[in-house]
Each structure stands twice: as structure tokens, then as C-alpha cells.
Amino acid sequence: MERYQGNPVVEKIAVGKIFIYKKKKDTPYREQIEDVVYEISRFEEARDKALRELDVLCEEAKGQIGSSNAAVFRAHRMLVQDQMYGDFIRGTIQDQKVNAEYAVAEAQAHFSQMLLGTEDAYLKERASDVADVSQRMLRLLGSDIETEGPSEPSIVVAEELTPSETMHFDRDTVLALVVQQGSANSHTAILAEAMNIPALLGVEICDEWEGRTAVLDGSAGELILDPDGDVLARMKEKQREIEERDAKLAFLRGRETVTAGGRKIRLYANIGELSDMDAVLSSDAEGIGLFRSEFLYLQAEDWPTEEEQAQVYRAVAETMRGKPVIIRTLDVGADKQAPYFELTSEENEALRYAHPEKEATAPGPGLLTKDAPAFGYRGIQVCLDRPEMFCTQLRSILRASMYGTVSVMFPMIASVEEVVACKELLTQAKSELRKEGKEYRDIEVGVMIETPAAVEVSAMLAREVDFFCIGTNDLIQYLLGVDRQDAAHAECADPRHPAVTEAIRTTIENGHAAGIWVGICGEMAADTTLTEMLVEMGVDELSVSPGAVLKVRGAVRELN
């Protein structure tokens with residue numbers, strides 16, 4: 001009996017035979033060609049086919065794992081169209097007079113090496129996206145690179161899995177995944193969680209495991225080869241306990257989020273777009289605590305119109321049937337950009353690539369772009385510098401207020417002056433709607449507390465708004481100087497750091513002193529090991545991903 005530790009994804013138990021997933025090693029042969037134009041046209045044709053395939057795959061993924069998780073395939077589509085990626089392939093064909101297959105393989109090696117050579121752990125993970133897209137292109141050019149998955153239920157073991165490979169496995173034959181490469185930020189982890197498949201990442205694998213019986217313990221992060229009868233019995237009992245826990249969570253649907261002592265906590269869900277509403281409804285969330293409206297902009301080719309936005313906000317409000325819907329105004333800039341924003345790049349020349357499965361991010365105009373860093377010009381700064389664009393969004397939010405309980409929330413606030421300016425533009429938007437005979441209701445106004453400056457002036461900010469929402473993801477990185485995307489140093493972003501807990505406590509106290517309610521919408525809100533601390537601090541509302549709603553409700557109900 002052998003035991004191996006790894007990073008677990010999905011707290012489930014799997015027992016079965018091991019299937020080693022080996023990719024075909026088909027390195028394209030370098031052929032000298034005469035007709036450069038024809039060879040480039042072969043690449044362009046394969047690129048167009050890849051785009052069509054990715055459109056289909058993205059729609060399939062939306063239905064299976066939700067729109068937010070399917071965003072990785074939208075990013076792949078943009079990578080296929082990436083100017084630098086395409087120019088590299090065309091240039092290789094043109095300069096070296098070689099076949100398209102060889103040029104694509106060279107592009108994969110070049111950009112993968114570049115990403116793997118960075119010190120950013122998250123960018124290292126993105127090399128798998130380059131490989132995924134390039135392998136798709138090679139297949140469409142005629143290379144025999146596809147590998148079959150298991151034919152019977154198995155624990156699939158692989159050195160690496162791309163998003164496309166993970167999605168294309170027959171769900172009935174994959175009991176669990178064990179992957180040598182990958183971290184909690186990898187697409188394998190994100191997709192496995194969305195598909196509810198237990199997985200273990202970062203395990204040194206061996207070909208000799210093929211066909212052996214194994215147990216994957218998703219709660220302990222352990223793979224056990226050739227388990228004996230006692231281990232199998234314990235795992236069976238452990239699986240029963242997990243199923244009982246899940247049944248208890250299901251029992252919480254329709255129940256109040258209230259402590260044993262009778263204190264009510266508002267429990268809301270975070271969403272990025274309209275297609276996330278199915279998950280919200282099934283989660284039994286009590287409202288929408290954070291609607292990241294930038295997805296409307298990041299997925300568009302030009303500024304979305306007032307009517308386009310109003311229709312989306314109205315649909316969300318109507319779907320929630322009177323439950324609160326808090327819409328965060330546009331938070332773009334820094335690492336969240338689209339070409340038509342035409343935002344000025346900053347001096348940071350770091351490599352940048354899409355982070356679509358992370359909170360509210362999307363790819364920019366190129367794979368390698370001199371773009372703004374995460375600590376950059378963004379959020380409310382961008383909106384106040386573009387008042388016409390900002391007013392368009394405010395008008396659309398106000399119009400949606402006629403169809404539900406809608407509130408507006410301003411991101412990345414650092415001063416009282418910014419809030420005053422936002423409120424003045426909101427008043428202007430109301431005045432315009434009145435003159436045009438368009439109806440709206442007065443709505444609550446809130447601000448995100450996610451900068452140290454906002455914490456420091458929170459007592460003054462509280463006099464200007466109806467509620468606070470503490471965005472702990474950004475607040476932690478700004479307070480501790482740790483990039484939230486840096487998986488290699490994730491332990492440094494400690495939510496229990498005294499600076500973090502004191503900032504949260506100060507914000508709650510200052511909010512309550514002014515008579516407003518205070519919520520939290522960052523990852524801390526979904527961490528049930530922190531629930532007791534946050535409730536004791538006096539937080540009024542927690543907004544989490546739809547999948548975490550029942551778990552957090554259970555944690556709250558266990559408190560005195």
C-alpha cells in the first residue's frame with residue numbers, strides 16, 4: 001500500500017482502477033515549402049475552424065459548468081485571434097519557408113517557454129492555454145495528436161491536462177483526476193470543481209500505476225494505491241459522512257440564515273452575468289450582493305448601450321422577484337481591459353494574459369502586451385474620467401429599479417470627494433430620465449471598501465452612503481502588498497493578519513456608528529473557518545459564489 005499527497009479539489013471519495021492518460025507525441029515534421037501564400041492560407045483556414053469549434057465548446061461548457069467557468073474557452077478564442085500569436089506563425093512560414101504545422105509548433109514552444117520563464121506562478125499556469133490552442137490548431141491541420149480517454153470508470157492520471165481535454169472526457173468514465181502539474185489556480189482545478197469531480201494536483205505520477213486499484217481521498221488530499229480492506233472500509237464510512245453532510249446542506253434550502261442566538265445575517269450571491277442566475281436560484285441565495293457589471297463591457301466589441309444594459313439589469317431584477325440586487329458599477333482598468341477602452345498603459349512591462357476564471361477579469365488586446373499592472377488606474381477613477389459613459393450605466397441601473405429591489409455600488413473608492421462626484425452624476429442621471437418621462441425609483445447607494453484609504457476615511461464615507469461592502473480580495477493585497485494572482489505566495493495573503501482583521505473591524509464599527517449596514521463580498525465571506533470571527537465583528541451581510549451559499553448558511557446557523 002502506497003500513499004501520495006497532493007492539493008485536493010472537491011471533497012469526495014473515489015475508488016477505482018487507474019488509467020494513465022498519455023498524450024501522443026507527434027512533433028510536426030519540418031518541411032520546406034515553396035508556396036508561402038498557400039501555407040499561410042492553410043493556417044488561416046485552421047484558425048477559422050478553431051474559432052467555430054471554440055464557439056460550440058463554450059456553449060456546451062456554459063450548460064455543464066456555468067458561464068464563469070466556461071470563460072476559459074472564450075479566452076482561448078481570443079488567443080486564436082491574438083495578433084502576436086498569429087504574426088509569429090505567419091512570420092515563421094514566411095521567413096523560414098516551412099509548413100504551417102511546424103510554424104504552429106514553434107509558436108507553442110516560443111510562447112510557452114516565455115510564460116514558463118516568468119516568476120509569476122499564475123502566468124506559468126497559462127502556458128497550458130497556449131498548448132491547448134496550439135494542439136487544436138495542429139489537429140485541424142491534420143496532425144494525429146488526439147488521445148482516447150478511459151473506456152470504463154477509472155481514476156484518470158496524467159502529467160498535465162488542458163481545459164479542452166478535461167471537458168472532453170466522458171463524465172461517466174472519470175471517477176477522479178490525478179494530475180502531476182497544476183495548482184489551485186490551474187484550469188484543471190477550476191474545471192474539476194465546476195464538474196464536481198474529485199481531483200488531486202501536484203502528485204509525482206508513475207506509469208507503473210496503470211491498472212492498479214486506488215482510493216482518492218478528496219478531504220485529506222491523499223491518493224492510496226492498493227488499499228487494504230480496512231482502508232476501503234474507512235473510506236466507505238468517510239464517503240457516507242460526506243453524503244450526510246451534503247444532505248444536511250440541502251435541508252437548509254428555504255431556511256433562514258440566522259445564528260442559534262437569533263441574529264439574522266443577509267446571505268447573498270455574487271454573479272458576473274445573466275447566465276449565472278440559474279446557479280443563484282438553485283443556491284437559495286437571499287439576493288445578489290455583487291453583480292460585476294464589467295462583464296457586459298469585457299465581452300463586447302464596443303461600449304454597451306443604455307438599452308442593452310437596462311435589459312440585462314431588468315432581467316436579473318425580475319428573476320430575483322423583489323429580493324435585493326446590488327449592481328457594482330464598471331470596474332475596469334489595470335488588469336481588466338478591452339481594446340475599445342483605449343486606456344493608457346502604465347510603465348509596468350510585465351507579461352499579461354487572460355485570467356477569465358478569476359473575479360471579473362478578461363483578456364486584453366494581445367498575449368504579450370505592455371498593459372497596466374493590477375495596482376493601476378481602475379474602477380471609479382476610470383468612470384469619473386468618462387462621465388458620459390458612466391451616466392449611461394447609471395441611467396440603465398435606475399431604469400431597472402422599476403422591476404425589483406435594485407441598489408448601486410461604486411468600486412475602488414479612496415475618498416469622500418469621489419463618492420460626492422458619483423452621487424452628483426447619479427442625480428444628473430435621474431434628472432435626465434425625468435425630463436424624458438422615463439420611470440425610476442430611488443435606490444440605495446453603497447461603496448466598496450477595498451483600499452486602505454477607504455478604511456481610513458470610512459467614518460466620513462459612511463455619512464454619504466446607505467451601505468458598505470468590504471471587498472476583501474483587493475483589500476488584502478493592498479494592505480499586505482501581495483498580488484492576489486500569485487499562487488506561489490498565496491500563504492502571504494493571510495486573511496487573519498492583524499492589519500486585515502483590524503481594517504474589517506474598523507469599517508464595520510464606523511459603518512454601524514453612522515447607521516448603515518456592512519457586508520463582505522470577497523473570498524473571506526465564503527471561508528467557513530472565518531464565519532464566526534466575521535459575525536462576532538458585527539458583519540450584517542455575506543455575499544459568496546452561488547455554490548457556497550448553503551455551506552455558509554450552515555456555518556452561521558451553528559453559531560451561538
Side-chain angles (χ1 to χ4, degrees), residues 265-266 268 270 287-294 324 326-331 333-334 359-360 374-376 378-384 407-423 426 444-482 484 493-527 530-531 533-544:
I265 302 295
R266 308 180 192 187
Y268 298 163
N270 303 330
I288 304 295
L290 173 63
F291 183 171
R292 304 182 184 102
S293 66
E294 52 268 19
I326 301 173
I327 301 172
R328 182 177 73 185
T329 57
L330 180 61
D331 182 10
E359 178 186 332
F375 284 60
R378 59 175 281 199
I380 209 62
Q381 298 168 330
V382 176
C383 291
L384 290 177
S407 302
V408 66
M409 180 165 65
F410 303 124
M412 298 304 299
I413 290 295
S415 70
V416 173
E417 289 75 17
E418 288 173 338
V419 177
V420 171
C422 290
K423 291 168 65 177
L426 184 63
E444 283 197 337
V445 175
V447 295
M448 296 283 291
I449 304 295
E450 48 195 333
T451 67
V455 174
E456 288 298 315
V457 298
S458 56
M460 292 183 284
L461 291 174
R463 294 195 288 269
E464 297 290 338
V465 297
D466 301 301
F467 65 91
F468 282 159
C469 184
I470 305 173
T472 56
N473 295 354
D474 275 318
L475 183 60
I476 289 172
Q477 76 166 351
Y478 293 146
L479 281 170
L480 304 183
V482 180
R484 58 191 280 192
D494 181 8
R496 293 178 175 82
H497 190 289
V500 175
T501 57
E502 187 58 30
I504 294 172
R505 188 185 307 278
T506 296
T507 301
I508 294 173
E509 290 177 351
N510 286 339
H512 288 174
I516 68 173
W517 62 269
V518 182
I520 291 179
C521 66
E523 291 178 11
M524 284 182 68
D527 187 341
L530 301 174
T531 304
M533 178 187 76
L534 296 176
V535 171
E536 287 180 350
M537 284 183 177
V539 70
D540 304 293
E541 177 252 9
L542 298 170
S543 191
V544 301

Looking at every non-hydrogen atom in both residues, tell me the closest pair between [X] and [Y] and how far apart they are.
{"X": "A453", "Y": "A414", "result": "CB-O, 3.6 Å"}
{"X": "I380", "Y": "P411", "result": "CB-O, 3.2 Å"}
{"X": "L479", "Y": "A503", "result": "CD1-CB, 3.9 Å"}
{"X": "S543", "Y": "G289", "result": "OG-CA, 3.2 Å"}
{"X": "V408", "Y": "T329", "result": "CG2-CG2, 3.5 Å"}
{"X": "T472", "Y": "I504", "result": "CG2-CD1, 4.2 Å"}

Short side-chain to backbone donor-acceptor contact, T451 and I413, under 3.5 Å:
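Looks like yes, one N/O pair under 3.5 Å.
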Could you tell me whether the side chain of N473 and the main chain of G522 form a donor-acceptor pair under 3.5 Å?
no
Decide yes or no for [X] and [Y]: does some side-chain heavy atom of the first lie under 4.5 Å from some side-chain heavy atom of the second?
{"X": "L384", "Y": "C422", "answer": "yes"}
{"X": "V465", "Y": "I516", "answer": "yes"}
{"X": "Q381", "Y": "E418", "answer": "yes"}
{"X": "I508", "Y": "N510", "answer": "no"}
{"X": "H497", "Y": "I476", "answer": "no"}
{"X": "M409", "Y": "I327", "answer": "no"}
{"X": "L475", "Y": "V455", "answer": "yes"}
{"X": "D331", "Y": "R292", "answer": "no"}

In sequence, state the C-alpha distance, the side-chain angles, and the governing distance for M524 and V500, and then conclude on side-chain contact (heavy atoms from CB on, under 4.5 Å).
CA-CA 11 Å; M524 284 182 68; V500 175; 4.1 Å; yes
How far does [atom1] of [X] sit from [atom2] of [Y], to the nearest 0.5 angstrom?
{"X": "F467", "Y": "E541", "atom1": "CZ", "atom2": "CD", "value": "8.5 Å"}
{"X": "S293", "Y": "I326", "atom1": "OG", "atom2": "CD1", "value": "13.0 Å"}
{"X": "E450", "Y": "F468", "atom1": "CD", "atom2": "CZ", "value": "12.5 Å"}
{"X": "N270", "Y": "C521", "atom1": "CG", "atom2": "SG", "value": "6.0 Å"}
{"X": "H512", "Y": "M537", "atom1": "NE2", "atom2": "CE", "value": "12.5 Å"}
{"X": "I470", "Y": "L542", "atom1": "CD1", "atom2": "CG", "value": "10.0 Å"}

Under the criterion side-chain contact (heavy atoms from CB on, under 4.5 Å), I'd like the reasoning laid out for E464 against V445: C-alpha separation, chi angles, the key distance, then a yes or no.
CA-CA 9 Å; E464 297 290 338; V445 175; over 6 Å; no
Go through the steps for L461 and V419 under the test side-chain contact (heavy atoms from CB on, under 4.5 Å), then give the verdict.
CA-CA 8 Å; L461 291 174; V419 177; 3.6 Å; yes
Worked verdict on M412 versus V382 for side-chain contact (heavy atoms from CB on, under 4.5 Å)
CA-CA 10 Å; M412 298 304 299; V382 176; over 6 Å; no
